[in-house]
Chemist: 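Input: one structure, supplied below.
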Amino acid sequence: MIMKSLYSKFAFITIMIMIVSGIVSFFISNVYYQVKLKQQNDEKITNFALEMADFASKHPSISLQDYFGHIGVIGYQILLINQEGKKIYFGSSFRRTNLPEVVQERVMNGEVYHGIRQFPHKTFVTGFFANELSNSIGVPFQYQNKKYALFIRPDIKLLFNEMHILFGWLLLLSILLSIFMVLISTKYLIEPIRKLNMATKEISEGNFSIRLNIERKDELGHLAANFTKMSEKLAKVDMLRKELISNISHDIQSPVANIKGYLDLLENNDKQDPDKQQYIRIMHSEADRLSKMTKQLLLLSSVESKRDLMNVSKVDISGLLKSVIHQYQWSILEKGIMISYELPDAWVKGDASLLYSLWENLLTNAIKYNYQNGTIDIELLETVSDIIVVFKDTGIGLDEKQIERVFDRFYRADASRERSVEGTGLGLSIVKSIIDLHHGKIEVKSQKGKGSVFKVSLPKL
Ligand code: ADP
């Protein structure tokens, strides 16, 4: 509906512009005719008239009847008045023979009559075509010692008839053609808007796989390109959302089902069941898992919803790293891991508690996915623009395919799916979001079975 009205509005406005500019240019050319052309035309015809009069008076032997008869045939309308007031017309007749007596007398007495120049202004350029005796040139002359008054005007019909038709057609054709062109070009202009409109509808109905087919370099082309980009982003967001919901429900469902199962066992079993403690332990760990996951989800959604850092301060990176290592000292010892680190002072601008979570996630991964008695190596370097922190472990490693996905939410590589390794698959998505928020970068290098390197760069203060 909108398309239709836009189309007709556009066509209507363009056609109106054509009409208005036609009228305006008609007025302007009229002024030009009145000011300039009318005068020139008058002069030209006056010259012809004087020329004829001169010829007639210099050749008293010719017959006036023949002479003016010829000129009339060639293309002039002529009135000849003799001394006695007798009028003879030559050429095609005047539509109106309105000429005041005084004018006739004055011309007879030697004045030149400029009827074309004096023809009323209000007639516009059409005055040029007015087939009236008053719209003529009058000159006096003498022939065989008698006074004559000669009135002439060009026989427009005879001289310009073909031209008239030609110009008429030209005008009509150009009007019709331009209306036709306007209708077509408007369609061409409006078409992408129509397509975009349809696409918007599709998107609002949840169909993101739209093809616009708008190959243009103008603003509409840009709009279409941005629109396609937007719909791709929306499709991705939609997919992620669905995936997230299914992952969350799956990951929450299984511990809840476990807890329920063990609760049933406890309820039905003998109070003295020796496995009772074992059941309770498992339920504890499942509850812990649930609680950890909800905390991580909360953290993730809070990090992802931020556009900018809120609690920015000067953060001591080496201090943070040392306290994280200190906190996990016990699990490192438990797995017999050798940890080495060199942490010179370095500062970045950022959110201290988020940066703490960042290092915590990387360190706990390096512990979790390490072998018994493996090693972890943490390094802190400084370049001109960045602070670089490298976590190197000698753990189970990842292959190319897995590296590509480690930052996806809920992704856990196959090896770590076993129950023995606690995890939610959210840690590295949190890491990535925190780094993005600090305008940093993370790179992963890994070899299956040998170990992994996680390299984080954060822009300096
Ligand atoms: P999780 O809670 O499972 O540790 P993460 O998002 O932290 O989730 O990690 C996603 C997956 O990436 C892990 O399940 C694991 O398979 C793999 N991964 C992460 N860090 C390492 C590492 N240092 N060595 C080997 N694999 C790792």
Side-chain angles (χ1 to χ4, degrees), residues 240 243-244 246-248 250-255 285-304 321 324-325 327-328 331-332 334-341 354-379 388-437 440-456:
L240 281 176
E243 205 180 88
L244 183 69
S246 100
N247 282 330
I248 290 177
H250 177 266
D251 280 62
I252 288 178
Q253 179 56 31
S254 57
S285 93
E286 290 294 52
D288 281 346
R289 213 170 111 73
L290 275 176
S291 136
K292 185 177 177 200
M293 191 158 68
T294 39
K295 269 188 207 146
Q296 278 187 317
L297 273 172
L298 279 174
L299 176 61
L300 187 61
S301 90
S302 95
V303 176
E304 285 191 341
L321 281 164
V324 175
I325 296 168
Q327 199 199 329
Y328 287 91
S331 11
I332 294 170
E334 197 186 41
K335 228 176 171 178
I337 291 172
M338 272 275 292
I339 183 158
S340 64
Y341 47 87
L354 291 183
L355 288 171
Y356 189 91
S357 296
L358 167 60
W359 309 135
E360 186 181 20
N361 273 303
L362 289 176
L363 181 65
T364 51
N365 278 352
I367 302 168
K368 271 194 291 184
Y369 303 111
N370 220 323
Y371 294 119
Q372 202 72 31
N373 303 322
T375 59
I376 297 175
D377 194 14
I378 305 174
E379 243 181 300
I388 297 174
V389 179
V390 186
F391 282 76
K392 216 184 275 176
D393 67 57
T394 53
I396 57 170
L398 295 154
D399 64 28
E400 288 290 319
K401 278 237 162 67
Q402 293 170 329
I403 289 177
E404 265 173 39
R405 300 206 52 201
V406 280
F407 297 109
D408 291 355
R409 283 181 279 193
F410 291 105
Y411 176 76
R412 307 198 68 206
D414 304 332
S416 52
R417 281 247 169 236
E418 325 151 13
R419 290 252 131 240
S420 60
V421 185
E422 284 297 329
T424 56
L426 289 171
L428 285 180
S429 346
I430 295 173
V431 164
K432 180 82 172 70
S433 304
I434 295 175
I435 291 172
D436 285 347
L437 212 49
K441 269 191 320 215
I442 181 160
E443 280 170 48
V444 187
K445 281 203 191 104
S446 188
Q447 244 185 320
K448 196 88 191 159
K450 291 251 168 80
S452 317
V453 180
F454 286 80
K455 181 175 160 192
V456 177

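Only heavy atoms go into these numbers, but all of them, side chains included; no hydrogens, no water, no symmetry mates. Ligands are counted one by one from 1 in listed order, and the atoms in each one are counted from 1 as well.
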Chemist: Excluding sequence neighbours, so at least two apart, what forms salt bridge (charged side-chain N to carboxylate O under 4.0 Å, His left out) with Asp288?
Modeler: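 Expected list: none.
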Chemist: Do the side chain of Asp393 and the main chain of Ser452 share a donor and acceptor less than 3.5 angstrom apart?
Modeler: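 Confirmed, Asp393 side chain pairs with Ser452 backbone.
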Chemist: Is there any N or O on Ile396 that sits under 3.5 Å from an N or O of ligand 1?
Modeler: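 In fact, backbone or side chain, Ile396 has no N or O that close.
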Chemist: Rounded to the nearest 0.5 Å, what separates atom CD1 in Ile442 from atom CG in Leu358?
Modeler: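 Ile442 CD1 to Leu358 CG: 7.0 Å, rounded to 0.5 Å.
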Chemist: Just by distance, do the side chain of Thr394 and the backbone of Thr375 share a donor-acceptor pair under 3.5 Å?
Modeler: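 Yes, the answer is positive, given that a donor and an acceptor are paired below the 3.5 Å cut-off.
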Chemist: If you round to the nearest 0.5 Å, how far is CG of Asp408 from CD of Gln402?
Modeler: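 Going from CD on Gln402 over to CG on Asp408, the span is 12.5 Å.
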Chemist: Look only at interatomic distance and state if Lys368 has a nitrogen or oxygen under 3.5 Å from any nitrogen or oxygen of ligand 1.
Modeler: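 N/O-N/O distance under 3.5 Å: yes.
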Chemist: So is there a nitrogen or oxygen of Leu398 less than 3.5 Å from a nitrogen or oxygen in ligand 1?
Modeler: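 No, since none of the N or O atoms of Leu398 sits under 3.5 Å from an N or O of ligand 1.
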Chemist: Compute the shortest N/O to N/O distance between Phe454 and ligand 1 and return yes if it is under 3.5 Å, no if not.
Modeler: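 No, Phe454 has no N/O under 3.5 Å of an N/O on ligand 1.
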Chemist: Can Asn361 be said to touch ligand 1, with heavy atoms closer than 4.0 Å?
Modeler: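 Heavy atoms of Asn361 never come under 4.0 Å of ligand 1.
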Chemist: For ligand 1, which atoms have a heavy atom of Arg412 less than 4.0 angstrom away?
Modeler: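 With Arg412 as reference, the close atoms of ligand 1 come out as 3 (O), 14 (O).
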Chemist: Output yes when a side-chain donor or acceptor of Glu304 lies under 3.5 Å from a complementary backbone atom of Ser301, and no otherwise.
Modeler: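 No; zero donor-acceptor contacts below 3.5 Å.
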Chemist: Return the orientation label for the Phe454 and Phe407 ring planes: parallel under 30°, perpendicular over 60°, tilted otherwise.
Modeler: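 Geometry flag for Phe407 against Phe454: perpendicular rings.
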Chemist: N/O of Ala413 under 3.5 Å from N/O of ligand 1, yes or no?
Modeler: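 Looking only at distances, the answer is yes, because the N/O contact criterion of under 3.5 Å is met.
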Chemist: Evaluating non-hydrogen atoms only, which member of Asp393, Thr424, Ile430, Leu363 is closest to atom 2 (O) of ligand 1?
Modeler: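 Residue with the shortest heavy-atom distance to the ligand atom: Thr424.
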Chemist: Touching ligand 1 at all, Ser452? Heavy atoms, strictly under 4.0 Å?
Modeler: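 Flag set, Ser452 near ligand 1.
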Chemist: Could you list the atoms of ligand 1 found under 4.0 angstrom from a heavy atom of Leu426?
Modeler: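 Matching atoms, with element in brackets: 6 (O), 8 (O).
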Chemist: Can a donor-acceptor pair be found, under 3.5 Å and without considering hydrogens, that links the side chain of Lys368 to the backbone of Gly423?
Modeler: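 Such a contact is absent between Lys368 side chain and Gly423 backbone.
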Chemist: Short list, please: which atoms of ligand 1 are under 4.0 Å from a heavy atom of Gly425?
Modeler: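 Here the atoms of ligand 1 in question are 1 (P), 2 (O), 3 (O), 6 (O), 8 (O).
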